[in-house]
Number of protein chains: 2
Amino acid sequence: MSAYRPLTASTLIDYLSSLAPMQTRLGGNSADWTAREVSDGNLNTVFIVSGPAGSVCCKQSLPYVRVDPAWAMPLERTLFEARWMQALSPAVGHQIPELYHLDEGLFLIVMENLSTHHVLRNALIAGVAPAGFAARIGEFVGHASYATSWRALAFEDVYALRDLFSRNLALTRITVDLVLTDPYRTDCPRNRWISPELDDLVESLQTDSVLHAAVERMQERFLSSSQALLHGDLHTGSVMISGDDVRVIDGEFALYGPIGFDLGMFLANLAMNAYAQPEHDDWMRDEIALLWSSFRRAYLERWEAGAQRGDMASLTRPASCAAERTRFFQQILHDCAGFAGLELIRRTIGFAQIADYEAGSNRENEIEARRRALLTGRTLIQKAFQIDTIEALLDQI
Amino acid sequence: MSAYRPLTASTLIDYLSSLAPMQTRLGGNSADWTAREVSDGNLNTVFIVSGPAGSVCCKQSLPYVRVDPAWAMPLERTLFEARWMQALSPAVGHQIPELYHLDEGLFLIVMENLSTHHVLRNALIAGVAPAGFAARIGEFVGHASYATSWRALAFEDVYALRDLFSRNLALTRITVDLVLTDPYRTDCPRNRWISPELDDLVESLQTDSVLHAAVERMQERFLSSSQALLHGDLHTGSVMISGDDVRVIDGEFALYGPIGFDLGMFLANLAMNAYAQPEHDDWMRDEIALLWSSFRRAYLERWEAGAQRGDMASLTRPASCAAERTRFFQQILHDCAGFAGLELIRRTIGFAQIADYEAGSNRENEIEARRRALLTGRTLIQKAFQIDTIEALLDQI
Ligand SMILES: Nc1ncnc2c1ncn2[C@@H]1O[C@H](COP(=O)(O)OP(=O)(O)OP(=O)(O)O)[C@@H](O)[C@H]1O
Ligand SMILES: Nc1ncnc2c1ncn2[C@@H]1O[C@H](COP(=O)(O)OP(=O)(O)OP(=O)(O)O)[C@@H](O)[C@H]1O
């Protein structure tokens, strides 16, 4: 463990050369190594370091938000990302990058380099993502959420894991504010939208007390339902893809919460891609249907195999009661619909917006795409608890 | 803080005489003090110590279950009871005893002496409890659950409190096993029932896979819904009463969970009293209706006053949306019904049964009372999520 200092390309190489396993992995002499910064998220610095024998990806926290240095942020977020990788890797295997090394003093993760992969959001915008990718994400959520749930673990183990991630306060505060609250406030300077065209619609969202009560219901779900360890920020920028190989990265927002949160956030990002690029409409609908069916199948597979057995599994045989099983997945779908609605709105008028909207060059189309996201978001939040099938959800989108 | 040793009447007096505030409270000379053991629960030792000026109640954990010394149990349970008192006293005031002193080494609580009060269960069996007592319990649950919820506190404060109580593992394990699991297992030697009369019914409960799936659904609610700080063991033996003064004691099972758990457990104990003493039937129905209406009113009062404002309260004006409010209380009632069902069954065939059943001298009546509890318990667990009003719940009882 080393004292904290923000690393540069050259101090990072010095640091790695002091670690025997990294010497082996990169090969040759550290003088032959190169480090290239690839940071494109909002929060952290990311470098790819390459040597004659191999390469690694290094992610370090800064004491502030990378794209907004006036916004202070505790360093510990990389520790939570590493703990998320450690907690999930037995259940999800190669669906996340391999963690090679963690330095808790430098707040530095060294992990498998995926730079032959593409960030899914970019691949979608470019129209080059292979069809069917969402099946891999559905499986990931199914496996991760089953393995960290009360079905698979004794409650003592779930509590320990839940408490570990409930210290992830700074990033959970970001979610509570940016996703669950700010977009609905008239007085929040972090919000922005295309003006004057969207002014009326934004005003109506920000003054609709019936909508706000429904948002409050979703806040309650997020804050008081702790079904499984979530990724917590599962948008298309948190996925890297190369052909059939689909990886989930960037688990620094991890926390216990409702399973539908991860699914809804991902689904909303697929829908927004289709709004921004209407030629993707059929494709994205297919991906959304796949996301849900693969999630359901993957979760059920683990449940029925019953390899791990937690407290909840001690009474029942997995396949015993179709009615309760239906109820269980329906409730996840309700959450999924509601959180998808929140994601649609916050990515359209909140602090962290998405590049998909700027994919076209036409302002009219962009406004239309954003308008659809806002209207659909509102409907999904309000109707969430009446949406009982994925078809009904697709009908709203 | 002192080294742990189980106290006797005389070593307890020596210990108290070393504390200046206790000298003042009890008055005179410690030679004039008397200590009387009043333990009648399952777990701990309780003494009343009296002096010329006043008296106190002292509760100490033993390293095992008091009524079953072969069952080892960590001492820390009194610490959780004290933390529960500290967490709730600002919100509930004199609805719990005042905490005078905690010794974390002796695992000893010194608190307000309520020995002019009666344990509610005994008062019910003797038919001397004053009508309307359940209103005080409803208020208690309303105030306690509002004050510790996401509506009243920032999520950071809720997480801190939740994590504190999620270390209450030994007692939560008792609930998971004795309330949520064991009664449904054919192979659990802790179960007992009147044989042969109830054999068939018990066997049918223990082999009914549809019931077990519904039990699993309630397990999931208990383990993954963390709405508020619960008492965790709110039966009629955890309430002391003197006229209008109703106090909740014995919070050692405290943990974050679904609000309906406390309400359902209390409600089930009222129903079982009516089964055991059918002449109480109308009375107990009135108390159950009062429990619910007072809970609802007390919670809403705090919500509408909006004195504290947590994350969930930042968007909405309290009275803004009747539909979401209805949904919120309905979901608590669903939980209440399901957990009442679990309590009915576990108090009738599980490890910790209740004295009410032995109130009459007639074996036939006792069997009939127990049979009603088992049948009603099964129905409530299975229909929990269809029970939308307190009248519908009373119809099932
Ligand atoms: N294991 C990896 N291999 C190769 N490149 C990676 C890897 N992890 C991240 N990257 C690259 O670095 C970029 C930023 O990574 P990441 O999204 O984890 O950072 P972040 O700053 O935490 O982002 P956010 O603001 O979305 O939380 C990714 O978009 C990707 O281009
Ligand atoms: N503050 C008090 N003042 C007077 N008597 C009390 C007080 N607290 C408890 N008692 C008496 O001691 C008895 C046992 O207390 P309590 O129920 O808290 O113990 P316990 O062993 O933890 O019970 P359980 O097994 O139900 O958890 C009560 O039934 C009551 O008679």
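Every chain is numbered from 1, with letters handed out A, B, ... down the list of sequences.
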May I ask you to name which of [options] has the most heavy-atom pairs under 4.5 Å with chain B?
options: A:Val158, A:Thr172, A:Thr181; answer: A:Thr172
options: A:Arg173, A:Gln227, A:Glu156, A:Gln219; answer: A:Arg173
options: A:His212, A:Arg185, A:Glu220; answer: A:Glu220

Inset, instruction - Name the region of B:Leu211, side chain, backbone, both or neither, that has any atom closer than 4.5 Å to a heavy atom of chain A. - result: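 No part of B:Leu211 comes within 4.5 Å of chain A.
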Counting only non-hydrogen atoms closer than 4.5 Å, does [X] touch chain B with its backbone (N, CA, C, O), its side chain (CB onward), both, or neither?
X: A:Leu164; result: neither
X: A:Ser149; result: neither
X: A:Arg221; result: side chain
X: A:Ala228; result: neither
X: A:Phe385; result: side chain

Legend entry - A:Asp182 backbone acceptor or donor facing A:Asn191 side chain under 3.5 Å: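 Yes, A:Asn191 side chain to A:Asp182 backbone: donor-acceptor pair under 3.5 Å.
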What option among [options] has the most heavy-atom pairs under 4.5 Å with chain A?
options: B:Leu169, B:Leu223, B:Leu315, B:Asp311; result: B:Leu223
options: B:Val215, B:Leu180, B:Val176; result: B:Val176
options: B:Ala160, B:Ala323, B:Ser166; result: B:Ser166

Inset, instruction - Would you confirm whether the ring centroid of A:Phe339 sits within less than 6.0 angstrom of the ring centroid of A:Phe261? - result: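 Ring centres of A:Phe339 and A:Phe261 closer than 6.0 Å.
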Legend entry - Shortest non-hydrogen contact between A:Asp335 and A:Met218, atoms and distance: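 Looks like O-CE, 3.8 Å.
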Legend entry - From CA spacing to verdict: side chain to side chain donor-acceptor pair (under 3.5 Å), A:Tyr184, A:Arg346: CA-CA 9 Å; A:Tyr184 308 92; A:Arg346 76 101 169 198; over 6 Å; no
Legend entry - Check ion pair A:Arg151-B:Glu216 (N to O, under 4.0 angstrom):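 Here A:Arg151 pairs with B:Glu216 in a salt bridge, since their nearest N and O are under 4.0 Å apart.
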Legend entry - Test: B:Arg83 and B:Asp163 ion pair at under 4.0 Å: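 No, no charged N to carboxylate O under 4.0 Å.
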Legend entry - Parallel, tilted or perpendicular: ring planes of A:Phe80 versus A:Phe165, cut at 30 and 60 degrees: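 The arrangement is tilted - the two ring planes meet at 30° to 60°.
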Inset, instruction - Anything under 30° is parallel, anything over 60° is perpendicular, the rest tilted; go ahead and classify B:Phe295 against B:Tyr299. - result: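 Correct class here is tilted.
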